[in-house]
Amino acid sequence: MPASAGAETTASGPTIHTVDPADHAMLAQLPWELPLADWPTDLMGGLPRGISRHIVRFIENGDELLAIKETEDRQALREFDILGVLENLDVPSVEPRAYITGRRNADGEELPGALVTTHLDFSLPYRALFSRALAEDTAGRLVDALAVLLARLHLVGFYWGDVSLSNTLFRRDADAYAAYVVDAETGELHDRLSAGQREMDLRIARTNIAGDFLDLQAAGLVESSVDPLAAGDRLFEAYNGLWAELTRVEEFSVNERWRIDERIRRLNDLGFDLGELTVTTDLDGVSLLVEPKVVEPNHHSRRLLRLTGIGANENQARAMLNDLDSYRTAPGFTGGAHGSGEMPAELSEEEAARIWLDEVYKPLIGAIPGSLMNKLEPGQIFYEFAEHRRVMAQARQRDIPLREAIAYFIMDDLANLPDESRYVQPPPR
């Protein structure tokens, strides 16, 4: 993504560099001659913001929301380029849309530049999550999500340099969270990271996360008895375990080739695929060395997209695939747990997915009133519904027909949740 794409200078204002030239007209109308802190509140949407060293504001652009961060010209260009590369590498991160340079106020004095990114719908900064009613071990699950994100960044050669909960956005992903890079200004892209660079990122992460939890305690959002250092230790352990599984070289007997399949299944369970696997036999043919190469993330998300066309986060996709597989292998469906159709055992995976879409997924999503569709992402709605239905079945000791389960789910669960598409707060004043 070239940094200069769509660059235009307004008649008496700054230079606006856009990915999509259609954005230029909208951005050119904004009051760039004012410091971002002084922008009128009627321009802005109110969203929860994490702690940031920069001024950040949100503006509406049609049906979408854009985040604007005030920063130096050179830094705006650099972060714009880095986020573009991360997007091309399919790393979870916010989408760069524009950067603005050459700003001046009415007196001709220089103002900082700005970076424009797309707001990630259904995402929240960690402080907003802790200001709400949370499930048990939410803190641990956020740290685990950050460990997965950090491993993915390191696999593509990205040194973050400022790993923290504050520089991350989180979206619900079944009973876990998915983490996204939202601040990459300290990052560096390399062909490959050294062990020392990875270790430095981990050290920074442990320090920053401890600081994040001290901040939460100061705000009264976390009990004072919580050890801030424990969260950093958990990240360290989760990251090292994941990194070892993704990259370690294994040696075993030539008669144990089944262990290669086990290794691949373990990686799939973690949400990763192997783009390549190098197997080397020693000189006497007694043992094999197995080294994974080009590890690709989102195994379950890609499989679900291929089968159904549904885009979902990794754990949401895993839950839907489990339901699909269960649906496919169950013996006949005549109004039981999965609807009213019948599925012969000889159906292919693709045919089974089509029937599952028509008889399970679409009826659920189609039954959700429009006023409730902003509560959760569709993938999370399905996961929460499946859990609701499972609990109902256990309590009543019988299978719950689809339509009955949907009605109770909407009434008892979904209607009582806050909207997460754009978790609105009053704009700053």
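Being a predicted model, the structure only gives us computed values, none of them experimental.
- The two residues Gly157 and Leu193 have their closest heavy-atom pair at O-CD2, 3.6 Å.
- Across Thr308 and Leu357, no two heavy atoms sit closer than the pair O-CD1, 3.5 Å.
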Query raised in the report: Given Arg103 and Glu70, is the side-chain contact (heavy atoms from CB on, under 4.5 Å) satisfied, shown in steps?
Result: CA-CA 11 Å; Arg103 295 175 63 203; Glu70 199 166 57; 2.9 Å; yes
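- Put simply, the side chain of Ser123 never gets that close to the backbone of Asp121: no donor and acceptor are under 3.5 Å apart.
- With salt bridges taken as basic N to acidic carboxylate O contacts below 4.0 Å, one links Lys69 and Glu79.
- Here Phe80 and His17 keep their ring centres 6.0 angstrom or further from each other.
- In terms of modelled atom types and a separation under 3.5 Å, the side chain of Asp201 and the main chain of Val163 share no donor-acceptor contact.
- Of all non-hydrogen atoms in Phe122 and Arg171, the two that sit nearest each other are O-CG, 3.5 Å.
- Ion pairing between Arg97 and Glu64 holds under the 4.0 Å rule for side-chain N and carboxylate O.
- The aromatic rings of Trp32 and Trp39 lie perpendicular to each other, with more than 60° between the two planes, well past the 30° mark.
- Residues Glu314 and Arg318 are not paired through a salt bridge, judged by the lack of any N-O separation under 4.0 Å between the basic side chain and the carboxylate.
- Atom CD of Glu110 sits in a sparse spot, with 12 or fewer heavy atoms from other residues, nucleotides or ligands closer than 6.0 Å.
- Atom OH in Tyr126 sits 11.5 Å away from atom CG in Leu146 (nearest 0.5 Å).
- In this structure, CG in Asp413 is found 11.5 Å from CG in Leu372, a value given to the nearest 0.5 Å.
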Query - Asp162 vs Asn208, side-chain hydrogen bond (donor to acceptor under 3.5 Å, both in side chains): CA-CA, chis, key distance, verdict - result: CA-CA 8 Å; Asp162 195 15; Asn208 285 349; 2.9 Å; yes
Query raised in the report: So Ile16 and Val116, side-chain contact (heavy atoms from CB on, under 4.5 Å) or not? Walk me through it.
Result: CA-CA 10 Å; Ile16 300 174; Val116 182; over 6 Å; no
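- Tyr361 is linked by a ring-ring contact (aromatic ring centres under 6.0 Å, His included) to Trp356, counting only residues two or more places apart in sequence or in another chain.
- Salt bridge Arg127/Asp215: present, at least one basic N to carboxylate O contact under 4.0 Å.
- The residues Arg306 and Glu349 are annotated as salt-bridged, a charged nitrogen and a carboxylate oxygen being separated by less than 4.0 angstrom.
- Using a distance-only test at 3.5 Å, with no hydrogens or angles considered, a donor-acceptor pair links the side chain of Ser301 to the main chain of Ala312.
- Under the side chain to side chain donor-acceptor pair (under 3.5 Å) criterion, Glu185 pairs with Arg53, His54, sequence neighbours left out.
- Contact between Lys375 and Ala415 at its shortest, heavy atoms only, is NZ-O, 3.8 Å.
- Counting only distance, with no hydrogens or angles, the side chain of Asp173 and the backbone of Ala176 share no donor-acceptor pair below 3.5 Å.
- How far CE of Met26 is from CG of Asp20: 10.0 Å, rounded to the nearest 0.5 Å.
- For the pair Glu387 (side chain) and Glu384 (backbone), a donor-acceptor distance under 3.5 Å is absent.
- Looking at Gln316 and Glu377, their side chains come closer than 4.5 Å, going by heavy atoms from C-beta outward.
- No side-chain heavy atom of Val94 sits less than 4.5 Å from a side-chain heavy atom of Thr118.
- Between the side chain of Thr186 and the main chain of Trp160, a donor-acceptor pair closer than 3.5 Å is present.
- Of the inter-residue distances, the one linking Leu155 atom CG with Leu150 atom CG reads 10.0 Å to the nearest 0.5 angstrom.
- Interatomic distance, Leu115 CG to Asp183 CG, rounded to the nearest 0.5 Å: 9.0 Å.
- The minimum heavy-atom distance linking Leu36 with Ile68 is given by the pair CD2-O, 3.5 Å.
- A salt bridge links Arg263 with Glu245; the closest basic N to acidic carboxylate O contact falls under 4.0 Å.
- Nearest heavy atoms, Leu83 versus Ala184: CD2-CB, 4.0 Å.
- Sparse packing is recorded around CE of Met200, with 12 or fewer heavy atoms of other residues, nucleotides or ligands lying under 6.0 Å away.
- Seen from the ring of Tyr177, Arg141 does not count as a face-on cation partner, given the 6.0 Å and 45° thresholds.
- The neighbour count for Asp107 CG, taken as heavy atoms of other residues, nucleotides or ligands under 6.0 Å away, is above 12.
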Query raised in the report: Under the side-chain hydrogen bond (donor to acceptor under 3.5 Å, both in side chains) criterion, do Asp212 and Ser166 qualify, and how do the steps go?
Result: CA-CA 7 Å; Asp212 290 334; Ser166 301; 2.9 Å; yes
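- Comment: Arg234 engages Asp144 in a salt bridge, judged by a side-chain N to carboxylate O separation of less than 4.0 angstrom.
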Report task. Walk me through it: do Arg78 and Ile82 pass the test side-chain contact (heavy atoms from CB on, under 4.5 Å)? Result -> CA-CA 6 Å; Arg78 183 175 183 277; Ile82 289 175; 3.6 Å; yes
Side-chain donor-acceptor pairs of residues 402-412 under 3.5 Å, sequence neighbours excluded:
from: Glu404; atom 1: OE2; to: Arg396; atom 2: NH1; distance (Å): 3.0
from: Glu404; atom 1: OE2; to: Arg398; atom 2: NH2; distance (Å): 3.1

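- Aromatic ring orientation, Trp243 versus Tyr239: parallel (interplanar angle below 30°, classes split at 30° and 60°).
- Side-chain N or O atoms of Gln380 include one that pairs as donor or acceptor with a backbone N or O of Ala174 at under 3.5 Å.
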